[in-house]
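Scroll down for the structure; my scribbles are underneath it.
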Amino acid sequence: MASPKTVPKDAQVMIQILKDMGITEYEPRVINQMLEFTYRYVTSIIEDAKIYAAHAKKSNVDADDIRLAIQCRMDQSFTSPPPRDFLLEVARQKNITPLPLIKPYSGPRLPPDRYCLTAPNYRLKSLQKKVTPSAGRITVPRLSVGAVTSRPSTPTLGTPSVQTVATKVGTPVSLAGQRFTVQIPSSQASTVKSVQNVLINPSLIGSKNILITTNMVSQNSSNDSSSLKRKHEDDDDYDTL
Amino acid sequence: MAAVQDGPIEPESEKESKTDALGDGSGNVSGSNTVGGTLSSSPVTASATATPATNTAATGGDEQQTLLMVLQFLKKNKLTESVEVLRREAGLADSVDDTQGSEADGGGQGSAANVSADAGDANSLLSRVAIATAASQSTAASTPAKVGGEDQPDVNVVLSAYSQQGDPALYQAYYSGLKNFIESVLDCHRAELSQLFYPLFVHMYLELVYNNHENEAKAFFEKFSGDQECYYQDDLRVLSGLTKREHMKGNETLLDFRTSKFVLRISRDSYQLLKRHLQERQNNQIWNIIQEHLYIDIFDGMPRSKSQIDSMSGSLAGEAKREANKAKVYFGLLKEPEIDVPLDDEDDDAENEEGKPKKKKPKKDNMGSKSKKQDPNAPQQNRIPLPELKDSDKLDKIMYMKEATKRVRLGPDILPSICFYTFLNAYQSLTAVDFTDDSSLIAGGFADSTVRVWSVTPKKLRRVKSAADLSLIDKESDDVLERIMDEKTASESKVLYGHSGPIYGISFSPDRNYLLSSSEDGTVRLWSLQTFTCLVGYKGHNYPVWDTQFSPHGYYFVSGGHDRVARLWATDHYQPLRIFAGHLADVTCTRFHLNSNYVATGSADRTVRLWDVLNGSCVRIFTGHKGPIHSLAFSPNGKFLASGATDGRVLLWDIGHGLMVGELKGHTDTIYSLKFSRDGEILASGSMDNTVRLWDATKAFDDVETDDFTAATGHIHLPDNSQELLLGTYMTKSTPVIHLHFTRRNLLLAAGAYNSQ
């Protein structure tokens, strides 16, 4: 850190500004950050002003251009909260509607799934068709949790296996239904048989299979598709590998 | 009225007469209202034509507006000949006026404004001094009037514009004149009239700035800013940086300050003095400003002393009008549902027979029949919809009651032990902390956008198993609740990622299933504590959200932020259910009342407001703090509210009467946490000055006496007994106290981050 005597002029000005605004305690990095911001802001304003001056076919940038540049920037990056009368009006409209009644016994009370963050944020790419005839040969599946593509190929299986059970919300029977445990099959389950389980190379971990599944809230109705019915018998298929 | 001062000579004489008529007060109230009403609607239209008016033959934009306003006024009063004459002489085009006429009446809101103005009880924008009984509908009526201008963004500027009040060079003379007058007045009146200085100073300064008299503004500021009260220093500093009109545009708080009325409470005698003085002198500039920007709430009685005034003033909008605090508030607690408390500790199941609670519940009688007696101060059970109790909630309540029997009764001689949780290595980034009600979990929100949850008990945090594993377990077994947990994920703490900005508010749900966090990125996130993932992000505030809290019954939560509103949400609605708008600056602290029917918000405009959840209206306004409010706490009996701010004082408020009942001085820095003990005997406060202080709450509330006068006027003489009420000061080693929590057995837990410098 430079001693006070060798602090550059800009920094001295900034220190003075902070003092004038009543800010007495601050980390030393604040000065640097403020100076950076100042430089960036002023440069962008002046550049905008140059453009406006050129547009108006003026040879020099003058105060009006700067004023216009500042105004446009203000509306863009430094938005301020809505004015009070607008807020009062919005509030009035909102507060007139009565509070909605609460449905009893409905499990975890969450907004519709569209507004939740509980959907999977990845999608498994569908299995490529080919089935190599040589039994016992396994291509090492690539494990990528959360990645978009994963292509385990299971040559020995005629029909690639699938699903894991999706339980509905609230079914843990004897519990108060706050826990949701579920999984959703992928959206294209009905059309393409796709592998949902990513399999780690068995040689790495012995003969155990590790299933990596996602947790999400299931839709209430539409997932009674046939894919849901497949159960854990699929696991047995991997045991042979 | 004010706008017409430098208008053409011809109609000015009419205005003068109107002004004098106004001076008599109640007689011509309706007349003045019409004036105000029309003038309020005409600027709507005037500015709309301001932009196209450049091609008319008017001399300047401002004068054009004035002329048009006068024209509207004349038209409204059916002075058609004068209208013609004025039009001809001023050279205004006919078509312009016609469109204005239609606009003024056509806009739905505009017509509402006209109607309300004509009704004679509305508060026009250029409001007049009101005697206390009137003007309770003012806030409601002014809203449509203001919104009428919403369509044209320029209009707001004009509506709240400071028109020229006279020669800028004379402002100093006006102010000095007033100053001399007030200093020469009797002592008993001087304190009250001194309240005028600050709002007048600010408004005059802003007027000078707005009309581009920069040098005069600076001179004015330098001369008189030192005279103001010390507690306004922060505002004055902001003002000193404001020298040009453009600076005012982005500052929402200042804009609100300009458009809202600064409320002063003055006794009738002092008011008469003032009025007589200002009307004696021929230049009634100050009188005009007073009428335009101040609301003087007159009461009959003794003038207040300086200390009384000081204790109540300090907020950005002056004090609260007395009507603002007159609505009925149901501050009682809801009846507890009856749950059978088994005598032996083994039985977990609750049966819904009549209760035999061991914990004293004052409203229930143990005669075996349901008590039908309703506390008159308690809200109805179904006033707002509340979620029903689940089995797990009933189990919780039973645990609560059992713990309550083992609770320590605190008092001035039995002080609680304090257990302090220090966050080490937080590097000053700990910004929010919360405990669960049964004190088993702590959550910390940090400036690096993470939320961390720790288990305080030996029981570790576990995630629920994946669905695959869940289908394998035996659902019928007794310990199914343990079996669904995945042992492999057991750990002391969990980190929750998701926010993109520092976390400023954090709150556990009462059933310990959810956690809320509010952040600078403008969202409030709901996290599940079973899976430790984020469930929902509630977007609505587009600006930093400073605080959030679950309601004591779960399901609802409230959040407050930089956009100056607090919002009430329910976990299953992606949009807020209620918007509590009214503060002039950021909402920094939001708390639910124990019966979930009311929400208290503390704000950077130095007021505390109490809102009704049922209809979103503001039922109480408490002024008196001199700095932004950072902590609020309701007493367990629901009657009182404690608030702490950056000025280091804790103020106690009686909710039912709407009065300040106590002031606790002692802290030297911002108070970030306040908590009442479980039975309300002790109030604990934690502050940035690294101390926790305990105050005797029972004594503080016992000393309150409310006779008719105090109830009517709200003026309480507070005894200066902070020293007696202070039961203990406990210092930490350079750790500011951010959160306080009384366990169910009245052990005090505190949390803070160690600050090494």
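Letters go in sequence order (proteins before strands), and every chain restarts at 1.
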- Based on non-hydrogen pairs under 4.5 Å, which of B:G537, B:G582, B:G241 is most in contact with chain A? B:G582

- Task: Looking only at non-hydrogen atoms, find the nearest pair between B:V536 and A:Y115 and report the distance.
- Result: CG1-O, 3.6 Å

- Task: Write down the atom of A:P100, the atom of B:P385, and the distance for their closest heavy-atom approach.
- Result: O-CG, 3.3 Å

- Query: What part of A:R67 lies closer than 4.5 angstrom to a heavy atom of chain B: side chain, backbone, both or neither?
  - Reply: side chain

- Message: Rounded at 0.5 Å granularity, tell me how far NE2 in B:H573 sits from CG in A:L110.
- Response: 12.0 Å

- Task: Could you check A:L99 against B:L568 for side chain to side chain contact (heavy atoms under 4.5 Å, CB included), going step by step and ending with a plain yes or no?
- Result: CA-CA 10 Å; A:L99 290 171; B:L568 178 83; 4.3 Å; yes

- Note on the structure: With chain A, the option among B:A570, B:S240, B:A581 that has the most non-hydrogen atom pairs under 4.5 Å is B:A581

- Message: Any non-hydrogen side-chain atom of A:Q71 less than 4.5 Å from a side-chain atom of B:E246?
- Response: no

- Yes or no on side chain to side chain contact (heavy atoms under 4.5 Å, CB included) for B:L535 and A:T118, after CA distance, side-chain angles and deciding distance? CA-CA 6 Å; B:L535 300 176; A:T118 46; 3.7 Å; yes

- Task: Kindly compute the distance separating CG (B:D234) from CE (A:M21), expressed to the nearest 0.5 Å.
- Result: 10.5 Å

- Query: Quick one: what part of A:F78 sits under 4.5 Å from any heavy atom of chain B, side chain, backbone, both or neither?
  - Reply: neither

- Query: Which atom pair, heavy atoms only, marks the closest approach of A:P81 to B:D563?
  - Reply: CB-CA, 3.8 Å

- Item | Which atoms of B:R567 approach chain A - backbone, side chain, both or neither, heavy atom under 4.5 Å | neither

- Note on the structure: Counting heavy-atom pairs under 4.5 Å with chain A, the top scorer among B:Q233, B:H562, B:R237 is B:R237

- Query: Which bit of B:H583 is near chain A, if near means a heavy-atom gap under 4.5 Å: side chain, backbone, both or neither?
  - Reply: backbone

- Task: Could you grab the distance from atom CZ of B:F257 to atom CZ of A:R84, nearest 0.5 Å is fine?
- Result: 12.0 Å

- Does the side chain of A:T79 pick up a donor-acceptor pair with the side chain of B:Y543 at under 3.5 Å? yes

- Item | Exceeds 12 heavy-atom contacts within 6.0 angstrom, atom OH of A:Y105 | no

- Message: Has A:N95 got a side-chain atom pairing as donor or acceptor with B:I579's backbone, closer than 3.5 angstrom?
- Response: yes

- Task: Report the C-alpha separation of A:L117 and B:R525 in whole Å, then their side-chain angles, then the decisive distance to 0.1 Å, and conclude whether the side chain to side chain contact (heavy atoms under 4.5 Å, CB included) test is met.
- Result: CA-CA 10 Å; A:L117 300 172; B:R525 281 184 184 240; 3.6 Å; yes

- Task: Examine distances only and state if a side-chain atom of B:E388 and a backbone atom of A:I102 form a donor-acceptor pair shorter than 3.5 Å.
- Result: no

- Considering only heavy atoms, which portion of B:I473 lies under 4.5 Å from any heavy atom of chain A: side chain, backbone, both, or neither? neither

